[in-house]
Amino acid sequence: MAEAIQLRSVTKAYQRAGESLRVLDELELTMAGGTFYALMGPSGSGKTTLLNLVGGLDHADSGTVMVGSVDLTQLDGSELAAWRAGNVGFVFQGFNLLPVLTARENVELPLQLTPLSRRQRRAQAERALQLVGLGDRMDHKPSELSGGQEQRVAIARAIATDPQVILADEPTGDLDRSTAAAVLQLLQRLNRELGKTILMVTHDPQAADYADKVIHLDKGKLGRIDANPGRG
Amino acid sequence: MPWKLLWRNVLGHPVRSLLTVGAVAVAVFLVCVLDAVTSGLTRTLNAASANRLLVQSAVSLFVDLPLSYQQKMASVPGIEAICKWQWFGGRYEQDKGGFFAQFGIDADTFLPSYPEMKITRGSYDDFTKQRTACCVGDELADKYGWQVGQTVPIMGTIFERTDGRPWEFTIAAIYHSDSPAVDNQTMWFQFDYLRESLEQGGAEGPLGVGVYMLRMAPGTDPVAVQQAVDAMFENGPQRVQTTTEAEFNRQFISMLGDVPTLLRLIGGAVLFAIFFAVLNTMLMAGRERTRDLGVMKALGFTDRATGILLVAESLLLCGLGAGVGIGLGLLAEAPFAVATAAFLPGFGFDERTLLLGAGIAVVVGVVAGVLPGRRAARLTAIAALREVG
Ligand SMILES: Nc1ncnc2c1ncn2[C@@H]1O[C@H](COP(=O)(O)OP(=O)(O)OP(=O)(O)O)[C@@H](O)[C@H]1O
Ligand SMILES: [Mg+2]
């Protein structure tokens with residue numbers, strides 16, 4: 001069973017012009033392992049902030065963030081880095097591949113933080129690229145790939161270390177509808193076939209349809225959690 | 001550490017990397033050459049013998065002293081031998097573009113006073129016995145393919161033969177010196193041959209002596225001899241200045257100004273400039289890679305690792321530059337040493353010079369990498385990714 005995610009009374013505020021802006025306010029949220037969640041809400045509602053806390057990129061001001069049995073609020077900077085390397089994969093809106101590396105090398109990058117040998121890393125990167133349907137584009141640089149292909153390389157990179165949790169921040173935001181559909185189907189497959197827990201931020205209700213459940217966030221407070229009809 | 005990324009980042013901007021490497025290479029090359037010159041000067045000074053004094057005109061090295069001084073100085077206690085040195089300044093007919101020094105000297109006291117010199121071919125005895133003989137350095141002989149017994153025509157410029165023909169010196173001996181005190185590209189001939197020619201009307205030119213070398217007996221106080229000689233000619237006809245060989249060399253070199261200090265200043269300025277060039281490159285590299293660094297941190301690379309990556313890139317550029325610079329230096333060393341042998345016999349790269357070049361590269365690399373490296377380490381993944389959307 002993949003790891004569950006639990007946020008207990010999580011508060012996160014930003015200081016701006018001497019004023020404290022509460023982005024997340026005593027947020028309570030439980031997500032089941034192995035489930036595909038879509039996170040929706042108006043711009044500025046704190047979706048990215050929430051994702052960053054769950055991904056160990058940022059610290060909560062108070063409360064606890066549990067991923068599996070690990071309380072992320074107890075880890076310091078380098079412990080968080082090590083935790084991220086093995087437990088979570090990120091997919092960003094802007095793809096964010098390293099331009100000087102080929103697709104294969106981009107996917108291999110997080111594997112450099114594992115004790116795998118060079119050959120094992122290569123094999124695992126190729127497996128991940130084949131899984132996302134890019135077995136024939138491994139030696140291409142990002143500039144030689146389409147947007148959809150770039151995002152699939154980014155997804156391959158996110159799953160290269162076989163993390164249980166995948167966090168995606170508007171992964172289809174820069175893609176046209178049919179390309180986006182392919183990426184969403186891929187995420188769905190990762191959830192269904194590999195049992196990954198996925199939390200995906202999106203503005204697009206059609207994208208949210210691919211998820212099992214939709215979490216609504218508004219002004220730092222949790223709205224409803226919908227189970228998608230006909231799914232899950 | 002993702003070393004491949006390091007290379008790719010450097011190769012990703014080939015022109016910028018090449019320019020930076022080139023700039024470091026030129027700087028390292030320059031600093032190595034400057035250092036070799038400075039240490040060459042030092043070596044030459046250090047090789048100077050403590051028991052040789054040199055007497056020159058108090059006015060200038062270019063003013064001759066009378067021949068009669070030799071007799072008078074011989075009476076000063078502690079002086080074991082005296083040898084005249086007269087600059088001949090002739091031109092070798094077969095190589096009008098080339099230059100080497102010729103001196104008229106006293107054959108009987110010359111070699112015994114310069115034990116640094118070893119006769120490798122021919123015989124010094126023959127040199128002393130034959131009026132028109134000469135003794136040449138092995139580098140000079142090898143350069144022109146001279147053999148013992150061969151006659152070398154030298155056209156006089158200061159001392160011209162009345163028949164308009166070149167002087168002819170027969171090679172009786174070839175010497176070699178391992179000490180920078182004596183170079184291996186000089187031709188020595190008998191001062192007496194020059195004097196006879198001038199006295200008998202075979203040649204025209206000033207009859208005098210540029211420098212008298214005084215060899216002191218072991219244990220002699222050089223200061224006492226210096227003072228005695230200087231005092232002897234206090235009232236003319238030509239006042240003299242007596243110095244140790246080291247001091248003489250130093251003065252000769254300082255006719256060009258305070259060379260070592262000047263060279264060090266130039267070297268320092270070059271380093272300063274190169275430091276900013278590398279720093280600029282690395283700051284640019286660090287900035288444009290903000291997003292990459294943010295991604296790497298999100299993937300789990302530590303602050304330390306990302307900082308080191310930039311320092312390593314800076315080191316790589318400087319290391320490549322140092323490699324090229326030192327390589328160029330080694331290629332240029334031999335021709336440079338030959339070209340400067342006459343006035344800088346000590347020129348040459350030693351391990352210290354090469355270590356200096358490599359050390360500079362490491363220091364510049366680290367220092368120029370620290371600033372962008374620190375920025376990279378402090379950057380948070382969130383800030384880096386937000387900055388570029
Ligand atoms: N580093 C920061 N400093 C100050 N304010 C911040 C910072 N990061 C986020 N905020 C603010 O916090 C609020 C929530 O930001 P967040 O990025 O989580 O929103 P979001 O729901 O992801 O919005 P969007 O849909 O536009 O991406 C916003 O008002 C934003 O301006
Ligand atoms: Mg956002």
Side-chain angles (χ1 to χ4, degrees), chain A residues 12 14 48-49 51-53 55-59 76-102 104-114 118 121-122 141-143 153-154 157-161 163 167-170 173-174, chain B residues 1-18 20 281-282 284-310 312-313 316-317 372-389:
Chain A
K12 177 75 184 176
Y14 290 110
T48 299
T49 305
L51 206 74
N52 288 341
L53 289 178
L57 289 174
D58 209 350
H59 285 280
D76 68 19
S78 58
E79 287 168 339
L80 275 177
W83 177 83
R84 286 198 299 273
N87 297 281
V88 64
F90 291 94
V91 182
F92 305 97
Q93 175 174 2
F95 320 146
N96 288 342
L97 300 177
L98 269 54
V100 293
L101 299 181
T102 64
R104 191 211 322 268
E105 290 161 351
N106 264 289
V107 177
E108 269 190 63
L109 197 58
L111 294 168
Q112 300 218 356
L113 296 166
T114 66
R118 180 189 288 259
R121 291 202 302 258
R122 197 183 158 94
K141 292 268 177 71
S143 58
V153 173
R157 182 177 64 188
I159 59 170
T161 56
L167 303 175
D169 199 346
E170 298 184 44
D174 287 355
Chain B
M1 262 287 135
W3 300 122
K4 191 181 265 168
L5 181 59
L6 191 68
W7 268 112
R8 290 293 174 76
N9 280 334
V10 168
L11 297 176
H13 284 275
V15 175
R16 186 173 73 196
S17 298
L18 217 66
T20 310
T281 299
M282 288 315 300
M284 270 163 72
R287 277 224 171 270
E288 78 198 13
R289 246 168 259 145
T290 299
R291 196 178 66 148
D292 291 7
L293 293 167
V295 170
M296 289 182 72
K297 289 194 174 186
L299 293 179
F301 285 90
T302 56
D303 295 347
R304 217 177 123 86
T306 44
I308 288 175
L309 198 63
L310 278 173
E313 186 174 333
L316 178 63
L317 288 174
R374 232 176 45 166
R375 180 183 164 272
R378 288 181 176 177
L379 200 66
T380 67
I382 300 172
L385 292 169
R386 193 199 315 276
E387 193 166 304
V388 275

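In what follows, chains are A, B, ... by sequence order, proteins preceding strands, each numbered from 1.
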- What part of A:Asp58 is in contact with chain B, defined as an atom under 4.5 angstrom from a non-hydrogen atom: side chain, backbone, both or neither? both
- Hey, is the main chain of A:Leu98 close enough, under 3.5 Å, to the side chain of A:Asn106 for a donor-acceptor pair? yes
- Item | B:Arg374, CZ: over 12 other non-hydrogen atoms inside 6.0 angstrom | no
- Message: Less than 4.5 Å to any heavy atom of chain B: does that hold for the side chain of A:Leu80, its backbone, both, or neither?
- Response: neither
- Task: Pick whichever of A:Ala160, A:Ala85, A:Gly77 has the most heavy-atom pairs under 4.5 Å with chain B.
- Result: A:Ala85
- Within the distance-only criterion (no hydrogens, no angle test), does the side chain of A:Arg84 pair as donor or acceptor with the backbone N or O of B:Lys297 below 3.5 angstrom? yes
- Item | Residues B:Arg378 and B:Asp303 bridged, charged N to O under 4.0 Å | no
- Message: What part of B:Ala298 gets within 4.5 angstrom of chain A, counting heavy atoms only: side chain, backbone, both, or neither?
- Response: both
- By a 4.5 Å heavy-atom criterion (distance strictly below it), what part of A:Leu113 contacts chain B: side chain, backbone, both, or neither? side chain
- Message: Quick check against the 3.5 Å criterion: does B:Ser17 have a side-chain atom that pairs as donor or acceptor with the backbone of B:Pro14?
- Response: no
- So which part of B:Leu5 gets closer than 4.5 Å to some heavy atom of chain A, the side chain, the backbone, both or neither? both
- Query: For A:Glu108, is it the side chain, the backbone, both or neither that has a heavy atom under 4.5 Å from a heavy atom of chain B?
  - Reply: neither
- Query: Can any side-chain N or O of B:Lys4 pair as donor or acceptor with the backbone N or O of A:Leu109 at less than 3.5 Å?
  - Reply: no
